[in-house]
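So you know, we letter chains A, B, ... as the sequences are listed, proteins then strands, and number each from 1.
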Amino acid sequence: MHELSIAYSIVQAADQAAVEANIPHVDAVHLVLGALSGVVKEALLFSYDIATQGTRLEGSRLEIRENPVVVYCSTCQKEQTLPTIQRFRCPTCDTPCMDIRQGKELEIVGLEA
Amino acid sequence: MKPQLVELRTSVLSKNDHLAQQLRDRFAQAGVYVMNWVSSPGSGKTALLEATLTHLRERGFRVAALVGDLATENDALRLQRSGAPVRQIITAGICHLEANMVSVHLEGWTLADYDFLFIENVGNLVCPSSYDLGENCRVVLMSVTEGEDKPLKYPTMFNSADVVVMTKIDLAEACEFDRETARANIHEVCHDVQITETSAKRGMGLETWIDYLVNSRHAAVNE
């Protein structure tokens, strides 16, 4: 479980951004989490409360938007959303797809104050 | 009062990614081919690495290794028997290696003195997948004793593999391990990945494996 170290990285990055924006207390951090990020949402939420203690993020919410995996299908010639990460094939035509266009994100998109 | 919104676009792992890119540049400049080995605990990383170091040295290549472990130096001591320089990275409970740990443990080594650098990650098929170490190639190992569905249980890791090694292949029959099902499962999550089979103990598949390493290095490193 590496979610605690990820949570500390989030706090560090968000804290720095808050200092730069002159925000004394952060109410929420908005995060995008890809299905291939290797991070478990529940474990991250649990770790976040621990990592924010004693910082200007203490008591804030972690709002997570989960991104599914999107691949480019060379047969359909368009992007397709995968319903599962156990199968990297086009859900329409079954072509194997390894051109990943979305799903690896682990990104802070904004702060709420 | 309306909440104040501050837009940001920051990758949470940007520090690690930045450091990994610096390592990648250093590796390329030095002409050293770097592999990051990941697997679950007990799948035979250290055994295959010992055989790999020994075989590559016999073929005249200059090799070195960094090995990650939660608590002990056992792996480094074992690998040093190959005659190659080996350093242990003790993570003190952290379940994966990060780029800065690699960077710190390379201090004092001249990278240009090596053709190959192997980084044996902490035994874990989840956490190391998020951390780029600046490697050229990510090797995912799975032993036949772990079952054919390992790739489906850990798709994120297998999807990131450049090559998959099925280890302890001499035990396949005893474990009723179905190689074709395992191969199909690997290809479901990583279609174009190369798969190779080895038994470090019985010396099976090692020539093919070493050839693969030499060819991969040749394709990646400009000399």
Side-chain angles (χ1 to χ4, degrees), chain A residues 1-14 16-40 43-44 61 69 71 82 84-90 94-100 103-113, chain B residues 1-19 38 70 91-101 121-122 124-132 138 140 149-162 184-194:
Chain A
M1 147 139 175
H2 64 312
E3 279 76 6
L4 189 58
S5 25
I6 299 281
Y8 279 114
S9 301
I10 293 172
V11 170
Q12 206 177 24
Q16 195 188 337
V19 170
E20 282 164 18
N22 211 6
I23 296 171
H25 188 267
V26 175
D27 291 330
V29 173
H30 293 257
L31 186 83
V32 173
L33 193 62
L36 280 179
S37 65
V39 174
V40 179
L44 184 59
R61 291 170 286 121
V69 177
V71 292
L82 297 186
T84 161
I85 59 168
Q86 267 88 24
R87 206 158 185 271
F88 280 76
R89 284 174 183 273
C90 174
D94 218 36
T95 301
C97 297
M98 286 300 291
D99 183 356
I100 298 166
K104 294 189 173 179
E105 302 74 25
L106 180 52
E107 197 176 275
I108 302 172
V109 288
L111 302 180
E112 215 176 289
Chain B
M1 202 173 83
K2 254 179 92 173
Q4 183 188 353
L5 290 172
V6 180
E7 247 188 80
L8 271 178
R9 279 271 160 199
T10 321
S11 164
V12 173
L13 294 172
S14 58
K15 244 189 199 166
N16 186 77
D17 292 344
H18 180 68
L19 217 54
V38 294
L70 294 169
T91 63
I94 296 176
C95 53
H96 58 270
L97 293 182
E98 298 184 12
N100 79 312
M101 299 179 193
N121 220 309
V122 179
N124 182 333
L125 272 178
V126 183
C127 312
S129 76
S130 306
Y131 296 87
D132 184 6
R138 186 177 284 187
V140 179
D149 59 351
K150 208 83 195 221
L152 304 181
K153 289 181 178 170
Y154 300 92
T156 302
M157 186 60 94
F158 278 87
N159 178 265
S160 74
D162 295 300
N185 287 341
I186 294 167
H187 282 145
E188 278 298 284
V189 295
C190 198
H191 173 66
D192 43 9
V193 77
Q194 190 127 5

| query | Does A:Leu31 reach the side chain of A:Leu44, with side-chain heavy atoms less than 4.5 Å apart? | reply | yes
| query | So what's closer than 4.5 Å to chain A heavy atoms on B:Tyr154: side chain, backbone, both or neither? | reply | neither
| field | Reported CZ-to-CG distance for the pair A:Arg61 and A:Asp27, which is rounded to 0.5 angstrom | value | 6.5 Å
| query | Given that the side chain runs from C-beta out, which part of A:Ala35 has a heavy atom under 4.5 Å from chain B: side chain, backbone, both or neither? | reply | backbone
| Contact part of A:Glu3 toward chain B, heavy-atom cut-off under 4.5 Å: side chain, backbone, both or neither? | neither
| said: Is B:Ser11 close to chain A through its backbone or its side chain, or both, or neither, when contacts mean heavy atoms under 4.5 Å? | reply: both
| message | Could you measure the distance from the CG atom of B:Leu97 to the CG atom of B:Asn121? Nearest 0.5 Å is fine. | response | 4.0 Å
| Can you say whether A:Ile100 sits under 4.5 Å from chain B via the side chain, the backbone, both, or neither, judging by heavy atoms? | side chain
| Top contributor to chain B interface from A:Val26, A:Ile23, A:Leu36, A:Ile108 [non-hydrogen pairs under 4.5 Å] | A:Ile108
| message | I'd like to verify something: which residue of B:Cys190, B:Ser129, B:Cys127, B:Pro155 has the highest number of heavy-atom pairs under 4.5 Å with chain A? | response | B:Cys127
| query | In Å and rounded to the nearest 0.5 Å, what is the NE2 to OG distance from B:His96 to A:Ser5? | reply | 4.5 Å
| Leading residue by heavy atom contact count with chain B [cutoff under 4.5 Å; candidates A:Ala28, A:Cys97, A:Ala13, A:Pro96] | A:Pro96
| Any donor-acceptor N/O pair, A:Gln86 side chain to B:Leu152 backbone, under 3.5 Å | yes
| query | In terms of heavy-atom pairs under 4.5 Å, which option from B:Ile94, B:Val6, B:Thr156 contacts chain A the most? | reply | B:Val6
| said: Does any backbone or side-chain atom of A:Ser37 lie under 4.5 Å from a heavy atom of chain B? Answer side chain, backbone, both or neither. | reply: backbone
| message | Heavy-atom pairs under 4.5 Å with chain B: which of A:Ala18, A:Gly38, A:Ala21 has the most? | response | A:Gly38
| field | Main-chain N/O of B:Val189 paired to B:Asn159 side chain as donor or acceptor, under 3.5 Å | value | yes
| Does a salt bridge link A:Asp94 with A:Arg87, judged by any charged N lying under 4.0 Å from a carboxylate O? | yes
| remark: Distance col, row B:Leu13:CG vs A:Leu106:CG, nearest 0.5 angstrom, shows 5.0 Å
